Amino acid sequence: MKLTLKLMAVIVAGIIGLTVLNAYLTVRREVRLFDSDMERDAQVLGRSMRNLIEELWQVSGEERALAIIDGVNGDGHVIKMRWVWLDAQADGKHKPAIPLADLAPVVQGKELSIKKPKAGDAGFRYTYVPVHTGSSRPGALELWESLVELSQYTGSTIRRAVVLSGGIILLGGVTALAFGLLFVGRPLRQLSEKAVRVGTGDFSGPLHLPGRDELSGLASTINTMCDQLVESHKQIISESEARIAALEQLRHADRLKTVGRLASGIAHELGTPLNVVGGRATMIAGGKLTDAEVVENARIIKSQSDRMATIIRQLLDFARARSQQRERIDLRTIASQTVDLLTSLARKRNVNLVNDPAADPIWATIDSGQILQVLTNLVMNATQAMHHAGNVTVSTAYATATPPDQQEPAESEYVCLRVTDEGEGIAPDSIRQVFEPFFTTKDVGEGTGLGLSIAYGIIREHGGWIDVQSEVGKGSCFSVYLPREANACDRESS
Ligand code: ADP
C-alpha cells in the first residue's frame, strides 16, 4: 500500500507540476496579448490623429488643432487624448503625465508607450505619438487608457486557469489512485498475504494474478516455489521419519545387547528362588507336614515366585520397544529400577551396586524407558571397568551446572543422575572420544562402541547433556544433566 501511495504521489506531483506550469504560461500569454492589443489600439488611433492634426495645424493654426484634439474626448471613449509640449515651458494643461526625462525618444520623433501604475488603483497606459507642427517646439499627442480592464482580465484568466488546473489535478489524481490500487496495490497485497502464509508453513491456495506483467510473473514464480516447498517438505518428513525409525532400531538393538548381557546374571538370580520353590514343593509333596507348615511353605513359594516374576518383568520391561512418551517422574525411581536390574550382574563381578538417592523427590519430565536405558548403560560400563571388588554408586540430586557449547556460559539449576565407579578410569586422550559412535576399548564381542553415543543422543533430545570426569587407576564419574522443571520446588513441597 505504501508503494502504491508513493507511486501515486510521484504521478500526482508530475500532474501538478505540468498543470501549474501550463496554467502559468497560458495566463502570461493571454495577459501579454491583451496588453499588446491595448498598446496597438492606442498607437493606431494616435497615428491617424497625428496625420489629421499636422494638416490642421498647417492649414488652420494651433488653436483650431488643439480645439479638435480636446473635442475628441467623449464620455464613452476608452482611450482619451490631449496635446502635450515636450519642453520645460509646458504649462499644467499641456504638461505630459510622464516626466520629461522618460520622454527623450518621443522628442527624437519615436513613439512611446509606457505603463504607469498608481497606488490603490490599476494605473494607466500612456502612449505618445510625436507630431510635427512646423514650429521648433516639440509636441506630441498623449493618449491614455485605464489598466482596470487589463487587471480584471488578468484576474479572470488566473481564476479560470486555477479552476481548470484543480480539476485536471483532481481527476488525474483520482484516476491514478484507482489504477494504482487496481494494478499495483491489490496484487502487492495479495503477494504479501501469500508470503506471510508461506512463512507460517501454509503452502496452500495458489495465487492467481491476471495479466502478463511482472507482478503476475512473480505470483506464478511463488506458486511454483510453494509446489517445490511442499515436495521438499514431504521429502524431509519422510527422510526424518526414516531417520527416527533407524535411530529407534539402533537404540532397541543396544537395549537387546544389554538384555543379552543381563541374561546370564538373571539366570543366576532366578536360581536361588527356583531352588527354594522346588525344595518347599518337595516338602509339601512328602505329606508329612502339619497344616500350618503347609500354609507357611505355600506362602514362601508364593513370595519366591513373585520375586521371579518381578525379575523377569523388569527384564522384559527393559527389552520392550515402545513409542516415545514423556511423563513427569521422580528420577529416584529410575535409579532404583536400574540398581535392581543390575545388582546380580554386578555381584558376579564382585561389584557392590550402591543406590544413593536424594532425600526428596527429583522431578523431571522424561521418557522413563529411554533414561533407564541410558542409566543401565552407564552402570554396565562402570561395572565392566572394575577389575577388582569395589563400589559403583548411582546418585540422584539437584545440581547447579553450566551447559557445554553455550555462547555465554551461565550457571543454572538441573537435575542430575550420577554414576561413580572405582574402576580403571579413562585416559585423557580418549575422554573426548568416548561419546563417538564405534569407539570402544573392549574386546571384540564385548563392546560395540555405541552405548555412550546412543545415551548422549537420548539426553540431547531431552535438552540435557552428559559430562564425564575420570582419573586413570582411580575411577570415573558420568553425570547426566536434565532440565529441571520450572517451579519444581513448589511441586515438591505440594
Ligand atoms: P562399549 O561399552 O560397547 O565399548 P560405550 O560407548 O558404552 O561402548 O563405551 C565406549 C568406551 O568408553 C568404552 O569402550 C570404554 O573404553 C569407555 N568407557 C565407558 N565408560 C567407562 C567407565 N566407566 N570407565 C572406563 N571407561 C569407560
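Just follow the structure's listing: the first ligand is 1, and inside any ligand the first atom is 1. The structure presented is a predicted model; accordingly, all values stated were derived computationally and were not measured. Scope of the values below: all heavy atoms of this structure, side chains included, with no hydrogens, waters or symmetry mates.
- Heavy atoms from other residues, nucleotides or ligands lying under 6.0 Å from OH of Tyr153 number more than 12.
- Taking a cutoff of 4.0 Å between a charged side-chain nitrogen and a carboxylate oxygen, Arg32 and Asp35 do not qualify as a salt bridge.
- When heavy-atom distances to ligand 1 are checked against a 4.0 Å cut-off, Phe435 has no atom that comes that close, whether in backbone or side chain.
- What sits closest to atom 12 (O) of ligand 1 on the protein, heavy atoms only, is Val434 CG1, 3.5 Å.
- Inclusion of Ser453 in the set of residues having an N or O under 3.5 Å from an N or O of ligand 1 is not warranted.
- With hydrogens and angles ignored, the 3.5 Å screen pairs no side-chain donor or acceptor of Ser430 with any backbone N or O of Ile426.
- For Asp421, every heavy-atom contact with ligand 1 shorter than 4.0 Å involves the side chain, none the backbone.
- Taking a cut-off of under 4.0 Å to the non-hydrogen atoms of Gly447, the atoms of ligand 1 that pass are 3 (O), 4 (O).
- Ligand 1 has a nitrogen or oxygen under 3.5 angstrom from a nitrogen or oxygen of Lys442.
- Ligand 1 does not have Gly423 within reach: every non-hydrogen atom of the residue lies 4.0 Å or more from it.
- Taking atom 16 (O) of ligand 1 as the reference point, the nearest protein heavy-atom neighbour is Thr441 OG1, 2.3 Å.
- Taking a cutoff of 4.0 Å between a charged side-chain nitrogen and a carboxylate oxygen, Arg299 and Glu293 do not qualify as a salt bridge.
- Distances between N or O atoms of Thr448 and those of ligand 1 include at least one value under 3.5 Å.
- Remark: Arg460 fails to qualify as a cation-pi partner of Trp465 under the 6.0 Å distance and 45° angle criteria applied to the six-membered ring.
- Residue Ser470 is tested with Val434, Ile431, Asp421 for a side chain to side chain contact (heavy atoms under 4.5 Å, CB included); the sole match is Ile431.
- Of all protein heavy atoms, the one lying nearest to atom 8 (O) of ligand 1 is Gly449 CA, 3.3 Å.
- Within the structure, ligand 1 lacks Ser470 among the residues with a heavy atom less than 4.0 angstrom away.
- Residue Ala385 has no nitrogen or oxygen atom sitting less than 3.5 Å from a nitrogen or oxygen atom of ligand 1, judged on distance alone.
- Salt bridge present: Arg160 and Glu30 bring a charged side-chain N and a carboxylate O closer than 4.0 Å.
- Residue-ligand proximity, Thr440 to ligand 1, at heavy-atom distances under 4.0 Å covers atoms 1 (P), 4 (O), 14 (O).
- Ligand-side atoms of ligand 1 in range of Phe478: 20 (N), 21 (C), 22 (C), 23 (N), range being under 4.0 angstrom from any heavy atom.
- One finds no salt bridge joining Glu193 and Arg197 here, because no Lys/Arg side-chain nitrogen approaches an Asp/Glu carboxylate oxygen to under 4.0 Å.
- Under a 4.0 Å criterion applied to the non-hydrogen atoms of Ala382, ligand 1 contributes the atoms 23 (N).
- Under the 3.5 Å distance criterion, the side-chain polar atoms of Asp202 are matched with a main-chain donor or acceptor of Ser204.
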